Number of protein chains: 2
Amino acid sequence: MNQLIEHIKRFIEIDDAESAIILSYFEEKSYPKKTQLLEEGQICTTQYFILKGCLRLYIINDKGNEQTLQFGIENWWITDYMSLQTQHPTHFYIQTVENSQVMAIRKDALDDLLGKVPKMERYFRLILQKSYAASQMRIKFLYTQSAEERYHHFNSVQPEFVQRIPQYMLASYLDFSAEFMSKIRAGKV
Amino acid sequence: MNQLIEHIKRFIEIDDAESAIILSYFEEKSYPKKTQLLEEGQICTTQYFILKGCLRLYIINDKGNEQTLQFGIENWWITDYMSLQTQHPTHFYIQTVENSQVMAIRKDALDDLLGKVPKMERYFRLILQKSYAASQMRIKFLYTQSAEERYHHFNSVQPEFVQRIPQYMLASYLDFSAEFMSKIRAGKV
DNA sequence: CAAAAAACTTGAACTAGTTCAAGAAAACGT
DNA sequence: ACGTTTTCTTGAACTAGTTCAAGTTTTTTG
């Protein structure tokens with residue numbers, strides 16, 4: 001069975017007919033590593049469900065450095081919800097970190113789908129509630145832990161993921177410099 | 001008309017019968033300033049829609065200082081979504097910053113309501129999408145702006161709100177010390 | 001309105017994390 | 001397998017923001 005349908009069934013009940021309708025609104029796509037799916041200044045039109053691989057959402061700061069704000073892996077959704085919602089130009093970049101496979105759905109297709117299969121409102125509500133809850137916790141950690149604590153905490157919660165991505169990307173996600181990451185890892189802090 | 005119903009009507013269409021059903025699941029409450037609605041270690045059971053006043057969600061850090069993670073004012077929802085979802089003990093405190101009036105709905109009541117009026121799934125999806133979008137932007141600002149920039153930015157976007165709350169609470173929300181806030185305001189930075 | 005409590009200010013000493021620059025090690029494409 | 005690119009490391013100098021302690025101002029309350 002399709003991996004997205006499996007994921008949806010973890011949250012709501014759908015039958016085969018509904019599954020087929022749902023899938024008809026999505027496009028399955030594969031992208032090589034480092035493919036840009038969204039760039040600053042564009043209008044975000046698409047939401048991605050990750051089947052395989054890893055994507056990230058990042059910005060380029062004043063000094064020209066990339067700062068990763070979010071990672072997405074298997075069975076996570078990723079998009080710039082602000083630009084998607086307002087249809088204003090985005091401040092973000094979305095890029096594949098590994099060769100990746102996604103199910104993509106465009107904003108207008110999603111609107112149609114929600115009209116056809118209103119149950120999906122519930123699925124997305126639950127997804128967003130989970131994401132927002134995670135985001136509240138993320139802010140908690142950013143506010144209370146030191147750089148070193150954030151690193152050790154992340155490492156203990158997501159050890160396999162740490163192996164998958166360049167350290168400098170993780171450093172920027174945890175909001176410290178790549179050099180400082182090196183020093184933490186070497187125990188020189 | 002009830003302020004919550006008005007707010008819901010900004011997102012979905014509901015008739016008078018539905019409005020009445022919806023309201024029957026809520027309890028309208030008034031709390032004086034500094035009332036604790038949630039404390040660390042408790043299980044979060046309730047979601048609040050703010051009619052009047054101001055609430056905040058905060059933590060107490062290792063040094064025993066309060067750090068505000070979120071403010072809520074008129075027409076915003078506030079709760080600890082993680083504890084609400086998992087029914088595990090919360091890490092957070094929720095407190096009224098001003099004398100406040102809220103519409104409170106308990107987790108089980110919300111589940112019933114969503115069964116009775118499935119349209120409300122859409123309302124909450126849209127609310128959560130807005131909240132999550134705001135949270136993505138919040139993290140962007142935290143990652144790219146200096147303390148001083150965060151203060152000036154917040155001040156330019158929410159000037160009236162800055163007048164309503166103690167500066168030390170705003171300082172902790174913007175993730176710097178009350179003393180540093182003083183220095184920014186005095187232009188001594 | 002007086003007293004107490006809450007909020008704000010100031011300066012000096014400090015520190016967690018940054019920046020820069022250069023070199024070393026891995027990973028990758030052909 | 002070799003050269004190129006990407007990623008990681010190291011140390012020295014620096015800085016944005018913290019901490020502490022004490023004093024001042026503002027707000028609240030009986």
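What you are looking at is a predicted structure, and each value in this text was computed from that prediction instead of being measured.
Using a 3.5 Å distance cut-off with no hydrogens or angles, the side chains of B:R56 and B:Q95 do pair a donor with an acceptor. Side chains of A:S135 and B:S135: a donor-acceptor N/O pair is present below 3.5 angstrom, by distance only. No side-chain donor-acceptor contact under 3.5 Å links A:T144 and B:N61.
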Between A:Q158 and A:H153, is a side chain to side chain contact (heavy atoms under 4.5 Å, CB included) present by the stated rule, with each step listed? CA-CA 8 Å; A:Q158 305 270 9; A:H153 178 255; over 6 Å; no
Between B:Q136 and A:L57, is a side chain to side chain contact (heavy atoms under 4.5 Å, CB included) present by the stated rule, with each step listed? CA-CA 10 Å; B:Q136 284 188 318; A:L57 181 150; 4.0 Å; yes
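Under the side-chain hydrogen bond (donor to acceptor under 3.5 Å, both in side chains) criterion, A:Y25 pairs with no residue, sequence neighbours left out. Scanning for ring-ring contact (aromatic ring centres under 6.0 Å, His included) contacts around B:H152 gives an empty result, with sequence neighbours left out.
The stretch residues 55-68 of chain B has no heavy atom under 4.0 Å from DNA chain C, so no residue of it qualifies as close.
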In B/S/- notation, 5' to 3', how is nucleotides 5-17 of chain C contacted by protein heavy atoms closer than 4.0 Å? --SSBBBB----B
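Separating the CG atom of A:L170 from the C1' atom of D:dT6 is a distance of 17 Å, rounded to the nearest angstrom.
Among residue pairs with one or both ends in residues 54-74 of chain A, those qualifying as ring pair (Phe, Tyr, Trp, His ring centres under 6.0 Å) are A:Y58-A:Y93, A:F71-A:F161, A:F71-A:Y173; sequence neighbours excluded.
More than 12 heavy atoms of other residues, nucleotides or ligands lie within 6.0 Å of CD in B:Q87, so this atom counts as buried by the packing criterion. Enclosure of atom CG in B:D15 by more than 12 non-hydrogen atoms of other residues, nucleotides or ligands within 6.0 angstrom is indicated.
When the C1' atoms of four end pairs are superposed on the next four at each end of the helix from C:dC1-D:dG30 to C:dT30-D:dA1, using five pairs per end, the two resulting axes differ in direction by 70°, to 10°.
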